[in-house]
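All remarks here apply to the structure that follows.
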Amino acid sequence: MMFTRTDYQAAAAVVRERIRTAPKVGMILGSGLNRLADELTDPISIPYADIPGCPESTVPGHAGRLVIGLLEGVPVAVQKGRTHLYEGYTPAQITFLVRVMAELGAETLIVTNAAGGLNPAFKAGDVMLINDHINFPGMSGMNPLIGSFADTSEPSKFIGMVQTYDVPLRTAARAAAGQAGMELHEGVYVCLSGPNYETPAEVRFLRMIGGDAVGMSTVHEVLVARHAGMRVLGMSGITNASIHSIDHHVEVSHAEVLDAAAVLVPRMSAIVRGVLRSMA
Ligand code: HPA
């Protein structure tokens with residue numbers, strides 16, 4: 001499934017017709033974190049099914065709505081629920097709404113996910129600011145920027161990845177965590193396709209190559225946001241410690257991930273709100 005700019009513009013036009021204020025910030029809420037969207041004031045909630053071209057989430061815990069409203073006085077568009085490669089969608093589909101947010105005028109993307117903690121210092125309920133990532137699907141050709149280079153009106157797709165996670169936004173996130181009296185870890189997010197969780201050998205490997213948290217999302221949306229010229233802030237809510245040993249008798253489960261995500265909502269909300277206040 002490939003899209004052209006015309007598809008994004010058509011979807012944005014449908015959204016624009018229903019809203020009063022153009023969003024300045026786009027947000028994507030990961031597994032179990034979508035309750036943050038309920039904190040918007042003057043919300044306008046648009047089911048994904050009403051947005052032409054938009055794929056619908058098929059995973060429990062991922063409601064499919066674009067909610068547009070104010071948070072800390074800042075106009076935001078929140079993706080309440082995201083789609084994933086493991087649902088069988090293409091990289092272009094799972095990043096569709098990021099393109100739409102950019103068309104609507106969003107200049108910043110705040111992206112969150114639920115992740116396993118590879119770093120042994122991380123425990124369930126902790127928050128990690130993403131300062132870099134490793135994109136495994138991208139290394140094997142699952143990259144949303146793959147496609148024709150014929151449209152020369154488009155920005156170059158040979159994008160640099162050194163300052164992918166915006167430095168001032170990371171500073172603002174640290175300040176927000178400090179104000180909320182919260183610890184904020186920082187590190188490297190590793191993306192795998194999923195949907196299975198990792199083997200212990202994979203966990204040891206991912207730790208060895210410098211990963212601090214592991215999940216099944218985010219990097220695709222980040223790539224598209226960067227290509228669209230948006231600034232990016234990324235955060236992982238650690239829902240479980242990754243299991244390093246085959247002698248460990250408990251498996252990671254989706255239910256455990258959703259339970260821990262509930263604890264993470266107010267914590268991630270405090271950081272997001274602090275960052276938005278710094279932008280207002
Ligand atoms: N691995 C991959 N993705 C995840 C995990 C995990 O342990 N926890 C939440 N999302």
Side-chain angles (χ1 to χ4, degrees), residues 23-30 33 36 71-79 82 95 98-99 101-102 104-115 117-119 121-122 126-136 138-139 143-145 155-191 206 209-215 217-238 264 267-280:
K24 291 203 74 69
V25 175
M27 286 176 47
I28 304 175
L29 303 177
L33 300 171
L36 196 55
L71 195 57
E72 298 293 340
V74 178
V76 299
V78 181
Q79 242 185 269
R82 61 148 61 88
T95 55
V98 178
R99 293 286 184 194
M101 289 172 177
L104 291 170
E107 292 162 351
T108 300
L109 181 72
I110 300 179
V111 55
T112 67
N113 57 57
L118 296 166
N119 186 322
F122 296 1
D126 286 354
V127 182
M128 184 191 87
L129 186 59
I130 303 175
N131 62 20
D132 203 351
H133 74 224
I134 298 174
N135 179 4
F136 275 99
M139 288 175 193
N143 184 316
L145 302 185
S156 170
K157 290 195 275 206
F158 295 119
I159 59 173
M161 294 297 290
V162 178
Q163 300 238 316
T164 299
Y165 296 92
D166 189 74
V167 174
L169 287 175
R170 277 194 272 142
T171 304
R174 278 185 221 109
Q179 269 165 17
M182 264 182 62
E183 182 182 24
L184 181 61
H185 298 298
E186 200 160 326
V188 176
Y189 176 81
V190 183
C191 175
L206 298 176
I209 63 170
D212 292 294
V214 57
S217 66
T218 304
V219 301
H220 329 287
E221 293 119 326
V222 167
L223 285 167
V224 164
R226 293 299 299 142
H227 180 239
M230 298 168 88
R231 304 194 299 156
V232 172
L233 175 71
M235 277 188 294
S236 289
I238 305 299
L264 280 155
R267 312 195 77 219
M268 297 185 80
S269 169
I271 299 175
V272 168
R273 283 172 174 278
V275 170
L276 291 173
R277 274 198 301 276
S278 79
M279 295 168 92

Any side-chain heavy atom of [X] sitting closer than 4.5 Å to one from [Y]?
X: N135; Y: L223; answer: yes
X: M235; Y: M128; answer: no
X: T108; Y: L233; answer: no
X: V76; Y: P23; answer: no
X: H185; Y: L129; answer: no
X: E186; Y: R170; answer: yes
X: V224; Y: R99; answer: yes
X: V275; Y: E72; answer: no

How far apart are the closest heavy atoms of [X] and [Y], and which atoms are they?
X: A225; Y: V232; answer: CB-CG2, 3.8 Å
X: D126; Y: A121; answer: OD2-O, 4.1 Å
X: P144; Y: T95; answer: CB-OG1, 3.9 Å
X: A176; Y: G274; answer: CB-CA, 3.7 Å
X: L36; Y: S269; answer: CD1-CB, 3.1 Å
X: V214; Y: Y189; answer: C-CE1, 4.2 Å

To the nearest 0.5 Å, tell me how far [X] [atom1] sits from [Y] [atom2].
X: D212; Y: L206; atom1: CG; atom2: CG; answer: 11.0 Å
X: M230; Y: L109; atom1: CE; atom2: CG; answer: 5.0 Å
X: M101; Y: K24; atom1: CE; atom2: NZ; answer: 15.0 Å
X: I130; Y: S236; atom1: CD1; atom2: OG; answer: 3.5 Å
X: L169; Y: M279; atom1: CG; atom2: CE; answer: 6.0 Å
X: T164; Y: D132; atom1: OG1; atom2: CG; answer: 7.0 Å

What is the ring orientation for Y165 with H133, classed by angle as parallel under 30°, tilted 30 to 60°, or perpendicular over 60°?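 The rings of Y165 and H133 stand perpendicular, inter-plane angle above 60°.
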Polar side-chain atom of [X] near backbone of [Y] as donor-acceptor pair, under 3.5 Å:
X: R273; Y: R277; result: no
X: T112; Y: G234; result: no
X: H227; Y: P155; result: yes

In terms of side-chain geometry, is the basic nitrogen of E107 or R231 positioned less than 4.0 Å from the acidic oxygen of its partner?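 Salt bridge between E107 and R231, a charged N being under 4.0 Å from a carboxylate O: no.
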Test side-chain hydrogen bond (donor to acceptor under 3.5 Å, both in side chains) applied to S217 and N113, step by step: CA-CA 7 Å; S217 66; N113 57 57; 4.5 Å; no
The test is side-chain contact (heavy atoms from CB on, under 4.5 Å); show your working for L184 and V127 and say whether it passes. CA-CA 6 Å; L184 181 61; V127 182; 3.7 Å; yes
Q79 and M27: CA distance, side-chain angles, deciding distance, side-chain contact (heavy atoms from CB on, under 4.5 Å) verdict: CA-CA 6 Å; Q79 242 185 269; M27 286 176 47; over 6 Å; no
